[in-house]
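Take a look at the structure below.
Since the model is a prediction, treat every value here as computed from it, not as a measurement.
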Amino acid sequence: MQSTFFITQGITYEIQKNGGYIWSPSKIKASAVQRFYYDNITHFEIGDIVFHYLNKNFVAISQVEPILKGKAYIKATIPEELSAEQWYSEGYIAKCHYVEFKNPIPIALFHSTIMKYKASKFSAFNKNGTVCQGYLYHFEKEIADAVIKKAVENQPELYRVDFIFNYLTGD
């Protein structure tokens, strides 16, 4: 069963998109504490779908690809192009095939869906339906479905991307 994830990348989005990966630290330097949302990369399976969020918009979707001998992620030091100032240098990396949306999709369009389906614990969304401060979360399928349908409605050629077509048709 294909899982869906939600990631808030901020300033690292362009760097990671251009590199075709997602990197997650094992800890943040400020607290030396591991956060569950960094560990979520270790839940990746090949073929999982990741929804990329930036500046109150969904900006891309990606699919997790094999990185090494059929693995979805591996332990890795922080890539050179990312700043190591706020994270420990050790973490995990996953290879992802990014597909950017021509026009970002405002998350506000999905507020009622988020409020209806968000998980009560470990969700990317708080009790008000706004995005929590964090990094990588499991993404409720019902919300993911609404986002991907809106993306294809706005940009019909996305339907020709194999992993998006397969997600929508259940293949």
Side-chain angles (χ1 to χ4, degrees), residues 1-101 104-105 107 110 114 117-126 129-145 147-148 151 161 163-164 167:
M1 176 74 181
Q2 192 175 52
S3 294
T4 51
F5 292 86
F6 176 96
I7 188 166
T8 60
Q9 287 170 295
I11 60 172
T12 66
Y13 169 74
E14 284 294 329
I15 295 167
Q16 292 187 63
K17 175 189 63 103
N18 292 339
Y21 65 85
I22 291 173
W23 184 82
S24 183
S26 59
K27 297 177 184 174
I28 54 173
K29 282 186 176 179
S31 67
V33 173
Q34 177 58 20
R35 306 283 184 199
F36 77 90
Y37 43 76
Y38 292 133
D39 273 342
N40 282 337
I41 196 169
T42 66
H43 300 176
F44 277 4
E45 297 287 338
I46 295 166
D48 285 348
I49 304 295
V50 182
F51 291 79
H52 301 265
Y53 172 81
L54 178 67
N55 298 327
K56 299 184 180 182
N57 294 290
F58 289 99
V59 295
I61 185 171
S62 68
Q63 183 175 45
V64 177
E65 298 181 330
I67 191 164
L68 179 70
K69 296 182 183 178
K71 294 185 179 223
Y73 66 92
I74 57 172
K75 285 186 176 185
T77 56
I78 189 168
E80 278 183 26
E81 59 270 21
L82 294 176
S83 168
E85 290 178 19
Q86 62 191 48
W87 300 299
Y88 278 101
S89 63
E90 297 302 315
Y92 302 94
I93 196 166
K95 183 179 175 185
C96 294
H97 173 219
Y98 282 71
V99 176
E100 238 179 349
F101 301 145
I105 303 169
I107 197 167
F110 307 99
I114 289 167
Y117 293 108
K118 70 180 179 62
S120 59
K121 193 171 184 182
F122 303 118
S123 175
F125 309 101
N126 64 25
T130 57
V131 176
C132 293
Q133 177 140 1
Y135 186 58
L136 180 64
Y137 298 88
H138 287 272
F139 196 29
E140 297 83 349
K141 184 165 180 3
E142 298 84 358
I143 305 168
D145 288 352
V147 174
I148 202 165
V161 176
F163 76 85
I164 294 173
Y167 179 90

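- The aromatic rings of F5 and H138 sit tilted, their planes meeting at an angle between 30° and 60°.
- Side-chain atoms of Q2 come within 3.5 Å of backbone N or O of G47 as a donor-acceptor pair.
- Minimum interatomic distance between I93 and P79 (heavy atoms only, all atoms of both residues): CD1-CG, 4.2 Å.
- Taking all atoms of both residues into account, the shortest heavy-atom contact from A94 to A72 is CB-O, 3.3 Å.
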Working for side-chain contact (heavy atoms from CB on, under 4.5 Å), residues F110 and F58 = CA-CA 11 Å; F110 307 99; F58 289 99; 3.9 Å; yes
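- Side chain of E100 to backbone of A60: no donor-acceptor contact under 3.5 angstrom is found.
- Taking the six-membered ring for Trp and thresholds of 30 and 60 degrees, F139 and F6 have ring planes inclined between 30 and 60 degrees apart.
- Put simply, the side chain of I15 does not reach to within 4.5 Å of the side chain of Q9, judged on heavy atoms.
- The CD atom of E80 sits 10.5 Å away from atom CG of L82, with the distance rounded to the nearest 0.5 Å.
- The side-chain heavy atoms of T77 and E90, taken from C-beta on, include a pair separated by under 4.5 Å.
- Not one N or O on the side chain of T8 forms a donor-acceptor pair closer than 3.5 Å with the backbone of Q133.
- Atom NZ of K17 has more than 12 heavy atoms from other residues, nucleotides or ligands within 6.0 Å.
- Taking the six-membered ring where the residue is Trp, F163 and H97 present perpendicular rings, their angle passing 60° and hence far from 30°.
- Between Y38 and Y135, the ring planes lie tilted relative to each other; the angle falls in the 30° to 60° range.
- Note that OH of Y37 is 12.0 Å distant from CZ of F122, once rounded to the nearest 0.5 Å.
- Side-chain contact between F51 and I143 is absent, with no heavy atoms from C-beta onward closer than 4.5 Å.
- Considering OH of Y137 and SG of C132, their distance stands at 5.0 Å, rounded to 0.5 Å.
- Atoms CD1 and CD1, on I67 and I74 in that order, are 4.5 Å from each other to the nearest 0.5 Å.
- Between the CD1 atom in I7 and the CG atom in L136 there is a gap of 5.0 Å [rounded to 0.5 Å].
- Of all heavy-atom pairs spanning G70 and I46, the tightest one is O-CD1, 2.9 Å.
- N18 CG to E81 CD: the interatomic distance, rounded to the nearest 0.5 Å, is 9.5 Å.
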Before giving the answer on side chain to side chain donor-acceptor pair (under 3.5 Å), spell out for S3 and E45 the whole-Å C-alpha distance, their side-chain angles and the decisive distance to 0.1 Å.
-> CA-CA 8 Å; S3 294; E45 297 287 338; over 6 Å; no
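- A donor-acceptor pair under 3.5 Å is formed between the side chain of Y98 and the backbone N or O of Y21.
- In this structure, I41 and W23 have side chains that are not in contact, with every pair of non-hydrogen atoms separated by 4.5 Å or more.
- Residues E140 and F125 are in side-chain contact: their nearest non-hydrogen atoms beyond the backbone lie under 4.5 Å apart.
- Looking at heavy atoms from C-beta onward, I114 lies in side-chain contact with I107 at the 4.5 angstrom threshold.
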